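First the structure, in the form of structure tokens, and then the observations on it.
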Amino acid sequence: MKKRINDKVVLRTLENATFEKACTEEDFTNKEFSENPKNKIYLDFVLFDSCRFVNIDFSLLHIEKLSFINCEFKSCIFRNGTTSKASFYTCDFLNSKIENLILSSCQMEKIRFINLSSKYFSLTSCYLKDIVFIDSLLKEVTFQDNKSENISFSSCQLYENEFFHTSFLGTDFSSSLIEGIRIDLDSIRGATFSREQGLELVKMLGVNIK
């Protein structure tokens with residue numbers, strides 16, 4: 001039986017911090033970041049543990065090979081770039097935006113996207129487990145060549161997305177609006193669709209129904 005993903009990120013008392021100060025002190029635990037860095041910051045192999053990010057533009061951070069554990073991203077922006085080998089465990093993305101971003105060879109586990117707005121977003125060759133999208137807009141988002149388990153969509157809008165070589169076994173799409181998706185059969189094997197969605201999928205496969 002597929003489990004529901006309800007656990008929210010729990011953060012204790014946090015210290016207000018800037019990225020510059022955190023880098024100087026090499027301390028990235030129990031921090032709240034609400035100011036963008038003054039200049040682009042390059043970090044390698046840094047672990048952010050139990051942090052909150054508020055209104056941060058992550059295009060100002062080089063986040064390859066970074067790890068985020070038990071973190072909350074609130075009204076943040078991720079855009080314009082390619083990120084590889086980053087890790088996200090038990091993280092919430094709340095009212096955030098993702099645009100023109102490729103995540104490649106990343107690991108994401110126990111992630112909640114709530115009220116996400118995303119466009120031209122690609123997840124490629126990633127490990128995805130226990131991922132939920134709630135009340136979110138996904139436009140021209142690509143899931144390709146991922147190892148995946150337990151991905152959920154609840155009341156989402158899915159426009160012109162691509163699902164290739166990524167398992168959605170057990171995923172229920174019936175509460176979401178789906179238009180113009182491109183798929184392969186193996187990716188949606190074992191997924192659940194509404195009757196109307198099923199008819200559209202059949203048409204996409206070139207089957208005529210009388």
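If you're wondering where the values come from, they're calculated on a predicted model, not measured in any experiment. All residue numbers in this chain count up from 1 along the given sequence. These values consider heavy atoms only, across backbone and side chains, with no hydrogens, waters or symmetry-generated copies.
A distance-only check finds no donor-acceptor pair linking the side chain of Asn150 to the backbone of Ser152 [under 3.5 Å]. A donor-acceptor pair under 3.5 Å is absent between the side-chain atoms of Ser176 and the main chain of Ser174, judged by distance alone. In this structure a side-chain-to-backbone donor-acceptor pair under 3.5 Å is missing from Thr24 to Ala22.
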Under the side chain to side chain contact (heavy atoms under 4.5 Å, CB included) criterion, do Phe153 and Thr171 qualify, and how do the steps go? CA-CA 7 Å; Phe153 298 92; Thr171 298; 3.8 Å; yes

Please lay out, stage by stage, how Leu138 and Phe113 fare under the test side chain to side chain contact (heavy atoms under 4.5 Å, CB included). CA-CA 11 Å; Leu138 286 77; Phe113 294 97; over 6 Å; no

For Glu15 and Lys21, what are the C-alpha separation, side-chain angles and deciding distance, and is it a salt bridge (Lys or Arg N to Asp or Glu O under 4.0 Å)? CA-CA 12 Å; Glu15 175 188 353; Lys21 182 180 178 181; 3.7 Å; yes

Evaluate side chain to side chain contact (heavy atoms under 4.5 Å, CB included) for Gln107 paired with Tyr89, printing each intermediate quantity in order. CA-CA 8 Å; Gln107 296 190 43; Tyr89 299 98; 2.9 Å; yes

Going through the checks in order, is the salt bridge (Lys or Arg N to Asp or Glu O under 4.0 Å) test met by Lys119 and Glu140? CA-CA 6 Å; Lys119 186 177 182 180; Glu140 297 186 64; 5.4 Å; no

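Donor-acceptor pairing under 3.5 Å is lacking for the side chains of Asn115 and Asp135.
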Scan the side chains in residues 56-68 for donor-acceptor partners under 3.5 Å anywhere in the protein, sequence neighbours excluded, and list what turns up.
unit_1	atom_1	unit_2	atom_2	d
Asp57	OD1	Ser59	N	3.0
Asp57	OD1	Ser59	OG	2.6
Asp57	OD2	Ser59	OG	3.2
Asp57	OD2	Arg79	NH2	2.6
Glu64	OE1	Ser84	OG	3.4

Output side-chain donor-acceptor pairs under 3.5 Å for residues 70-77, partner residues at least two apart or in another chain, one line each.
unit_1	atom_1	unit_2	atom_2	d
Asn70	ND2	Val10	O	3.0
Asn70	ND2	Ser50	OG	3.2
Glu72	OE2	Arg52	NE	2.8

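Other residues, nucleotides and ligands place no more than 12 heavy atoms under 6.0 Å from the CD atom of Glu35. Counting heavy-atom neighbours within 6.0 Å of Lys40 NZ, excluding the residue itself, gives a total above 12. For Asn39, the CG atom sits in a loose shell: 12 or fewer heavy atoms of surrounding residues, nucleotides or ligands are nearer than 6.0 Å.
Tyr159 forms part of a hydrophobic cluster together with Leu137, Leu177, judged by ILVMFWY side-chain heavy-atom separations under 4.5 Å.
A continuous path of Ile, Leu, Val, Met, Phe, Trp and Tyr side chains, each step under 4.5 Å between heavy atoms, connects Leu201 with Leu158, placing both in one hydrophobic cluster. Both Ile41 and Leu101 are members of a single hydrophobic cluster when ILVMFWY side chains are connected at heavy-atom separations under 4.5 Å. Phe164 and Phe193 fall into different hydrophobic clusters, defined by Ile, Leu, Val, Met, Phe, Trp and Tyr side-chain heavy atoms under 4.5 Å apart, directly or through other members. By the criterion of side-chain heavy atoms lying less than 4.5 angstrom apart, applied directly or through intervening Ile, Leu, Val, Met, Phe, Trp or Tyr residues, Ile69 is not grouped with Val9; the two fall into different hydrophobic clusters.
Of all heavy-atom pairs spanning Ile131 and Met108, the tightest one is CD1-O, 3.5 Å. Summarising the geometry of Phe93 relative to Ser96, their closest heavy-atom pair is C-OG, 4.4 Å, with the distance given to 0.1 Å. His165 approaches Asp184 most closely through the heavy-atom pair N-OD2, 2.8 Å. The nearest pair of heavy atoms linking Ser155 to Ser175 is N-OG, 3.0 Å. The minimum heavy-atom distance between Lys38 and Glu20, with the atom names listed, is N-OE2, 2.9 Å.
Going from atom CD of Glu32 over to atom CG of Leu11 covers 8.5 Å, rounded to the nearest 0.5 Å. For the atom pair NZ (Lys129) and NZ (Lys110), the distance works out to 7.5 Å, reported to the nearest 0.5 Å. The distance from atom CZ of Phe168 to atom CG of Leu128, rounded to the nearest 0.5 Å, is 8.0 Å. Atom CG in Leu123 sits 8.5 Å away from atom OG1 in Thr166 (nearest 0.5 Å). Here the CD1 atom belonging to Ile98 is positioned 15.5 Å from the OH atom belonging to Tyr120, to the nearest 0.5 angstrom. For the atom pair Ser136 OG and Ile114 CD1, the distance stands at 8.0 Å (nearest 0.5 Å).
Phe53 pairs with exactly one of Phe28, Phe78, Phe33 by the ring-ring contact (aromatic ring centres under 6.0 Å, His included) rule, that one being Phe33.
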